[in-house]
Every structure is written in structure tokens, then in C-alpha cells.
Student: 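Below is one structure. I have some questions about it.
Just so we're on the same page: letters track the sequence lines, and every chain starts at 1.
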Amino acid sequence: MARHTGPSNGAELRHPPGTFDVMPAESGAWQHVLATFARVVSGAGYGLILTPTFEDIGVFQRIGASTDVVRKEMYDFVDKGQRHVALRPEQTASVVRAFIQHRPTTPWKAWYAGSQFRFERQQAGRYREFHQVGVEAFGSADPDLDVEVMALAWEFYRALGITRMDLLVNSLGDSRCRPAYRRLLVEYLLAHQGDLCDEHRDRIEDNPLRILDCKRPGCRSVAEGAPRQVDHLCDECAAHFGRVVEGLAALSIPFTLQPTLVRGLDYYTRTTFEYAGTGLESAQNALGGGGRYDGLVAAMGGPDTPAVGFALGMERILLALDAEQVALAGGARLDAFVVDFAGGTVARDLTARLRVAGFRVDRSFDGRSPKAQFKAADRSGARLALVVGPDEAAAGTVGIKDLQAAAEQVTVGMEEIVPELSRRLG
RNA sequence: GUGGCCGUAGCUCAGUUGGUUAGAGCGCCAGGUUGUGGCCCUGGAGGUCGGGGGUUCAAGUCCCCUCGGUCACCCCA
């Protein structure tokens, strides 16, 4: 039986736990970030893809049964048609599903932006509904594509003004060399079992790579002496990784080799990377991450297709911008604000006419006092006030007052307004 | 799922060992200026003190429950 059926007694309506509203006063920053991302990735041949916000739960279960995302964070339910669906916890699986369903010719490069859902308790930089932008590139195993993807994220952060971050890079090997490494690692961990933290002591076989990422002191000291995947790559993976590292250096993108970087999703092969914000005070400091997933398309029933991509968290990006005190371009300003205290007819007609002509114009309603209307004009940030009192209305003229300069108010005929505005705002 | 902290006006907060009609700043509205914003002055509107129950002559204040927020663990964006 549903435990939560509505607002509790006397409670006001509010957004669900773990979600938030972005009000117009703050949405300018979101628009700026999204526009910047679209510019960077579309300029590299990536096309926008939109997929459903929810999918059959099977789509996401392919992410990996041992991941927390699937085990305990899925926001799923049975719908009225008895379908078991889930709000997407990430978008890579959805894009892969779309790739398999539509079979575009490769190489195929797509970018996305939108909401993700994971059912967890909220904290700084982490929400139940959160937002990501990302890219996915299918059909090439070329390490230079890994470098392209990492460079795009780098360029995007740089374009926004984020400087305090580390690019962490690792290689997880592939289906040939990872099993051997995994056996080596399990062997090592079993030998040091007593030093591991309580949670991981009995789960070595379960997900040994995860232990490398554990933050507890016991696991960490064991991890430091553990065999490293990068030292046990097969020839092909080693060559691939070598080319990736070489490419990053060639493009002057600073990075840190982090052999313990595992990441939360099981499908990664070879290259994995994460952009860690170093200016953030909150515990959640991953600005974004990604990697190569050469086996996922086939695992989901598609043709054997290598792929690489990343996802970047909007909320984390905004936190980083805030931490670095990056001033974002404010919201769009108005060109003019019509102040009409002669009945409102001129305001009605002139505002509409100017908007059709392409100007950004607003006005007051309810026949407020001149003082109140000028106050509203001032607050709107409009460059000019277009003043219509009884005198102007009778004469068929309009007063033009510059709200941001100490210039005299001038009067022009109604028909000269458009050219006059063009001249002043040009 | 577990734990810490916090819920008083639109926002940020004050409110004494429980004690009269619950306050401030900012914001909003109006007036000062019978047609002119920003600065200033005056006034006004706006509160089930998160909700429910209890103790008490008396509860914003104490107790219990509950809802919500926030941060952290886990994990990640």
C-alpha cells in the first residue's frame, strides 16, 4: 500500500524530495552552460539525440547487475499497462538502445542533455533528479577517438571558465587481459583480506575492482600495494592506452594517471576517465566521467560495435562555477519598457508593434502610477523607457528616456520610433 | 537505508529562567513629488512560529510523535 499519498496534513505543496526548481533568476546560468556545450560538441560533428525519459527496465539492467545504480538506485515502477519501466539513471544505455534500434551508419556521434533519476537521499551536488550533458561515439576503436572525447570535455570546461580540476585517466583492459588481471587481484586481496574494511572483506570475489576505489583506510593501504591493471594490459590494450596518453600530451591537456580509477559502471573497457573538481568543498567532486565501452552494444543485442563517451553533471558544473566565482552572462536584457499612463491603449499597440519588429519590449499593466511604472522599468533592466502620458498621446508622440545614462528625455513622433530605436540600440 | 544539524513574514534572521497585541533588516505596495526609476523619508500589507498531541494558570520557548529541509556515510553526476 502506498505510504505517501499526498501532502501530509496542513503541509503545503512542494517539489518532491531530491528535486528542485530552477527559477528564472537562476536559469540564465543553465542556459549559458547548455549553449556552451551545444556549441563545443556540435562543432565537432556530434548531433543532438533525444530519447525517452523512461525505458523498459531491461535497458538499464544491462548496465551491470553488480552496480549500485542497478541494485539499489533504480527509480522504477509498474505502469498502467503492466510494463516494468524505470526513469533513466543515465543516458548511455538509452543511446545504445536507440543505436541498436535505428542502426545508423558508423561512425555515429551523438550528444544529449537532460534529466537523470537515481533513487537516493540528497546531499550537496547529488539529487534524485539530476541533469547531465554528454556525448557518445560509436563504431571506432581508434584511441584518437578517446582523445577527441576527452578533449571535448576539457574544452567545454575551459570555455566555461572552470580551471580547478584534474583529469584522471586509467585503462581497465579488455575481455582478453582483464580476467587474468582480475585473478591476480583477487589472489592479492585474499592474501590481505584481514586488512580490508568490514564492507569489502567478504566481497572480494564479488567486485574486486571496486575495492581499489574504497575510501576507507584499510582498503586504501591494501589498494596501494595492489597489482595495477595498467601493468598487466595485453599488447593491444597497452598500445591503445599508450596512444591515448600520447594524444593528451600532444594536445597539451594535463592529466593524472590513476590506476585505481574504476568508475561505477561495469561496461567500461580500456580507457576510463574522470574530471574531478578540485575547487569543490562538497563531498561529491566528480564533475564528469566516461570511458570506452566496446562490449556494451553487443551485450545489449546489437552488432559488435566499439564506442566511447562521457557524461558531465550539470549541478556539479554549476557548483564548480560558483566555487571559482565565475560570473556568468546575466539574463537577456530588454531593449525598452513602455510606460503608458494615458489609458494603456498606446502601450498595448506599441508594445506589440515593436515586438513584431524584433525588439525586446515589456510594459506594466493595471494602469499603475508613473512612478510605479518607472520603477518597474528600472527593475526590468531595460535600456530605454518609452513614455506616453496624456500630452504624448494627444500629440501622437513618444518620449524616449535612457534609463542607464543621464541624458535628457527626447520626444519623437510615433512613426519615428522604430528607426530611432534601431539607431540607439544598433 | 543509517546518522548529525535545522524548521519563526517572500528572503536572511532575532525572540531573555515559559509571561501581555510575535519583531528587525532586505524585498513588496503606497505616499512624500496632481507626469518620471535608482538615493532618502513616512506609512502599509504580509505570520495556522512546519504539522499533531501533551505538560502548564500561561508554550515560538519544555516533552513525545510526525512531516520537511540540509549535510555526511554508501555510491556517483
Student: Report yes or no: is the cationic atom of A/K401 (NZ for Lys, CZ for Arg) under 6.0 Å from the centre of the six-membered ring of A/F374, at an angle within 45° of the ring normal?
Tutor: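 Positive - A/K401 is close enough to the ring of A/F374 and near enough to its axis.
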
Student: With under 30° as parallel and over 60° as perpendicular, where do the rings of A/F37 and A/W111 fit, or are they tilted in between?
Tutor: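 The rings of A/F37 and A/W111 stand perpendicular, inter-plane angle above 60°.
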
Student: Which part of the nucleic acid, if any, lies within reach of A/V387 when heavy atoms closer than 4.0 Å are counted: base, sugar-phosphate only, or nothing?
Tutor: base

Student: With P as the reference atom in both, quote the distance from B/G47 to B/U66 in angstrom, rounded to an integer.
Tutor: 30 Å

Student: Rounded to whole Å, please give me the gap between CZ in A/F119 and P in B/U2.
Tutor: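 Answer to the nearest Å: 13 Å.
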
Student: Quick one: stems for RNA chain B, with Watson-Crick or G-U pairs under 3.5 Å, at least three in a row?
Tutor: B:1-7 with B:67-73, B:10-13 with B:23-26, B:28-32 with B:40-44, B:50-54 with B:62-66

Student: Do A/R128's NZ or CZ and the ring of A/F119 fall within the cation-pi criteria of under 6.0 Å and 45°?
Tutor: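 Verdict for A/F119: a cation-pi partner in A/R128.
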
Student: Taking CZ from A/F341 and C1' from B/U36, how many angstroms apart are they, rounded to a whole number?
Tutor: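 Between C1' of B/U36 and CZ of A/F341: 7 Å.
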
Student: Check RNA chain B against residues 40-58 of chain A and give the residues with a non-hydrogen atom under 4.0 Å, in numerical order.
Tutor: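 Close to the strand, none.
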
Student: Please confirm whether the ring centroid of A/H131 lies under 6.0 Å from the ring centroid of A/F20.
Tutor: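 Yes, the ring centres sit under 6.0 Å apart.
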
Student: Whole Å only: how far is the NZ atom of A/K375 from the C1' atom of B/C39?
Tutor: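 So the two atoms are 11 Å apart, to the nearest Å.
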
Student: Report yes or no: is the cationic atom of A/R363 (NZ for Lys, CZ for Arg) closer than 6.0 Å to the six-membered ring centre of A/F365, at no more than 45° off its axis?
Tutor: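 Yes, cation above the ring, under 6.0 Å and within 45°.
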
Student: Can you tell me which nucleotide in B/C28, B/G35, B/A30 comes closest to the side chain of A/A372?
Tutor: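 Of the options given, the side chain of A/A372 lies nearest B/A30.
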
Student: Can you check the A/K371 NZ to B/C41 C1' distance for me, whole Å?
Tutor: 10 Å

Student: A/F374 has an atom CZ; how far is it from atom P of B/C39, in whole Å?
Tutor: 16 Å

Student: Would you mind building the protein contact string for nucleotides 72-77 of chain B? One character per nucleotide, 5' to 3', B for base within reach (heavy atoms under 4.0 Å), S for sugar-phosphate only, - for untouched.
Tutor: BBBBBB

Student: If only atom types and distance count, is the side chain of A/T269 paired as donor or acceptor with the main-chain N or O of A/D294 below 3.5 Å?
Tutor: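 Yes, because the side chain of A/T269 sits within donor-acceptor range (under 3.5 Å) of the backbone of A/D294.
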
Student: Is A/R368 near enough to B/A30 that one of its side-chain N or O atoms lies under 4.0 angstrom from OP1 or OP2?
Tutor: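 So the side chain of A/R368 is within the cut-off, an N or O lying under 4.0 Å from OP1 or OP2 of B/A30.
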
Student: Would you say the side chain of A/R333 lies within less than 4.5 Å of the side chain of A/R383, judging by non-hydrogen atoms?
Tutor: no

